[in-house]
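Right, one structure below, let's go through it.
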Amino acid sequence: MVSPVRTYALLAWTWTRAAAQYPLSFTLMTLGGFVLGGLDAAVIWVIFANTTTLGGFGLSEVMFLYGTAGLAFSVGDLMFSNLDRISQHIKAGTFDAMLVRPVSPFVQVATDRFVPHRIGRVLQGALVLGIGLSGVHVPLERAWMIPVMVLSGIVIFTAIWALGGAAQFLLTDAPEVANAFTYGGGTLVQYPLSVYGDNLVRGVTFVLPLAFVNWQPGLYVLDLEDPLDLPHWLRFLSPAAALALALVAGLAWRAGIRRYRSTGS
Amino acid sequence: MIIEVDRVGRTFKVRGSVVHAVQDLSFSVEAGEFVGYLGPNGAGKSTTIKMLTGILAPTSGHVRVAGLDPSRRRTALARRIGVVFGQRTTLWWDLPLKDSFELIRLLYKVDRKMFRERLDELCSLLGMGDFLATPVRQLSLGQRMRGDITAALLHDPAVLVLDEPTIGLDVVSKAGVRDFLRRRSVEHGTTVLLTTHDLGDIERLCRRVMLIDHGRLAFDGTVGDLRAMVPGETSIEDVVAHLYLSSRESPRTRPHRPAQDPPSVTA
Ligand SMILES: Nc1ncnc2c1ncn2[C@@H]1O[C@H](COP(=O)(O)OP(=O)(O)OP(=O)(O)O)[C@@H](O)[C@H]1O
Ligand SMILES: [Mg+2]
């Protein structure tokens, strides 16, 4: 059995080499992602030109939250967003081909036509995070949470993509439903959750655990009070929430493959 | 027995109604046999092949290929079985053929030296030297098919399953593919099961023929036995046409006696 990580690297590398045959396009697309991301982040400065706080948070704190969300989302997007193409593979029959190879179909779908230029968005997220961090004081005792929250965030977004992919085994025509949760979720957590209504925040804390991408652990890193007064121990739950969601996604994926019925031709 | 199919059924729910794609199907294939799998359009051939390769799980009955339950041990089985779908490619559409092969080498963990030897052999037998550097999407149908057959054999599987491997090939390519499959079976002892609508494939390659109709096994025997099914008809085309037509007229009943009592297999 070839390990899934090795398979991932192998397939992603193969597609990267294929993309490298068009170096100009690759460079432009990477730059494009970076610049578009930059414009997106520039909205923060526009907002702070007119006010000093957003949902009770200062400029650097908002950038910290934006950066961690952006980093987690864009790594997930780079590595796993192709999972939302399951229904295309089913309709084209390419999913059958994936099932007769000795490696995980999950990895095959995730890496199919892997586009390395999405790295532009990752760099942009990391940059904003860096700028945000330079403006807030985070002692070492709390800094350990930063890599933990980014990793948990990557797992959470990946699990949502996998759930969306699994749903496509049933609803072959509704890939957009999943996109609402992935891209929508990615945008939602860019800003302090305190700018939204209480019910939405409770929903993304206890139902779809987006609050654990950066909000709850971010409050810990920044050492701030929760505007909603939720218990403090929630701030340490990101890895658990990520694992629980990954487990649900894994089961859904397996159920989806068992129900797979191929096409009639 | 390298392939065992025991009272297998597969249904599909299509808008409320149930389609019985395969019903109560039983047969077995010995290692080294070369079996043709015939049947009219919609008879259940591709569905059977998808169950043999683990793509589809049967809704009833049991399948074993190379000692494994295909739908449960899909990845383990993938190392022992080679699959060709004539209608579509299992290669990577955007990659040059040789990159696809290299990827297969890595995914199946084929030893580099063995890989070179097999690829050289397959390339010269199937005449592929000219288009190894071409992306799969730019290949002609016949070129792509040769690529697909090569890809299915690079890991030297014990069983080769082909769903319409000669569809759309010109006479020369077809002869090349047939010749190649025959040699593979003789020289490597590979077990081959192929579906086709080209009876020339059957006549030239298969000692044993199975005929499936409305999801049920309607005949299992030698090509000679098949001919004898319809006295008076001499060409195999006419015999098969007769069998297909008579089943169309009475689709509810099982066509012909051998359905109840298939002649014993002569391998
Ligand atoms: N995924 C599917 N969903 C619904 N029905 C299906 C599906 N796959 C096959 N069927 C039905 O099952 C029956 C058998 O189909 P199958 O593809 O196995 O036939 P076949 O013998 O390969 O025919 P052909 O010679 O045309 O390729 C057909 O009635 C077909 O409509
Ligand atoms: Mg078919």
Side-chain angles (χ1 to χ4, degrees), chain A residues 1-22 25 82 85 88-109 111-116 169-170 172-173 253-265, chain B residues 10-14 19 21 41-42 44-47 49-57 59 70-96 99-100 102-110 135 148 151-152 155 157 161 163-164:
Chain A
M1 181 72 201
V2 188
S3 88
V5 177
R6 207 189 95 129
T7 309
Y8 189 101
L10 204 67
L11 289 168
W13 176 238
T14 304
W15 287 108
T16 304
R17 267 197 346 234
Q21 291 176 354
Y22 309 95
S25 150
N82 286 348
R85 294 213 209 122
Q88 288 172 37
H89 286 296
I90 293 176
K91 286 182 203 153
T94 38
F95 197 68
D96 282 4
M98 294 182 181
L99 287 177
V100 299
R101 294 192 192 117
V103 289
S104 141
F106 182 85
V107 173
Q108 291 183 69
V109 178
T111 51
D112 192 68
R113 285 165 224 206
F114 176 83
V115 275
F169 285 107
L170 294 180
T172 338
D173 292 314
W253 179 264
R254 289 181 59 155
I257 294 217
R258 260 202 308 280
R259 295 187 59 126
Y260 175 62
R261 44 187 276 173
S262 187
T263 52
S265 61
Chain B
R10 172 73 210 203
T11 57
F12 293 105
K13 287 200 187 69
V14 185
V19 175
N41 291 135
K45 302 181 295 297
S46 298
T47 305
I49 288 201
K50 285 174 189 168
M51 290 192 287
L52 293 179
T53 50
I55 293 170
L56 289 175
T59 31
S71 64
R72 285 176 196 282
R73 304 287 315 281
R74 216 172 356 90
T75 11
L77 181 64
R79 303 186 162 283
R80 313 208 193 158
I81 194 169
V83 190
V84 175
F85 295 109
Q87 308 268 15
R88 53 174 76 125
T89 184
T90 57
L91 300 168
W92 289 265
W93 209 237
D94 297 312
L95 295 182
D99 288 14
S100 274
E102 178 63 14
L103 204 47
I104 284 171
R105 180 182 82 75
L106 294 163
L107 293 181
Y108 286 80
K109 284 193 164 166
V110 182
D148 260 295
H155 61 293
V161 181
D163 196 357
E164 304 191 38

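This one's a predicted model, so the numbers in the text were calculated from it and none came from an experiment.
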Heavy-atom pairs under 4.5 Å with chain B, option from A18(A), P105(A), G93(A) with the top count: G93(A)
Minimum heavy-atom distance between [X] and [Y], given as atom pair plus value:
X       : Y       : result
P135(B) : D94(B)  : CB-O, 4.2 Å
W93(B)  : R113(A) : CB-NH2, 4.1 Å
L95(B)  : S100(B) : CB-OG, 4.1 Å

Geometric cation-pi criterion, R105(B) with Y108(B): 6.0 Å, 45°: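 No - R105(B) does not lie over the ring of Y108(B) by the 6.0 Å and 45° rule.
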Name the region of R259(A), side chain, backbone, both or neither, that has any atom closer than 4.5 Å to a heavy atom of chain B. neither
Chain B heavy atoms under 4.5 Å from R17(A): which part of the residue, side chain, backbone, both or neither?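 Just its side chain gets close to chain B.
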Options H155(B), E102(B), R74(B), ranked by heavy-atom pairs under 4.5 Å with chain A, top entry: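 The option with the most such pairs is R74(B).
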Which answer fits T47(B), side chain, backbone, both or neither, if we ask what part of it has an atom under 4.5 Å from a heavy atom of chain A?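 For T47(B), there is no contact with chain A at all, as no heavy atom is under 4.5 Å.
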Side chain, backbone, both or neither of L77(B) within contact of chain A (heavy atoms, under 4.5 Å):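 For L77(B), there is no contact with chain A at all, as no heavy atom is under 4.5 Å.
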Flag if over 12 foreign heavy atoms under 6.0 Å of CZ, R73(B): no
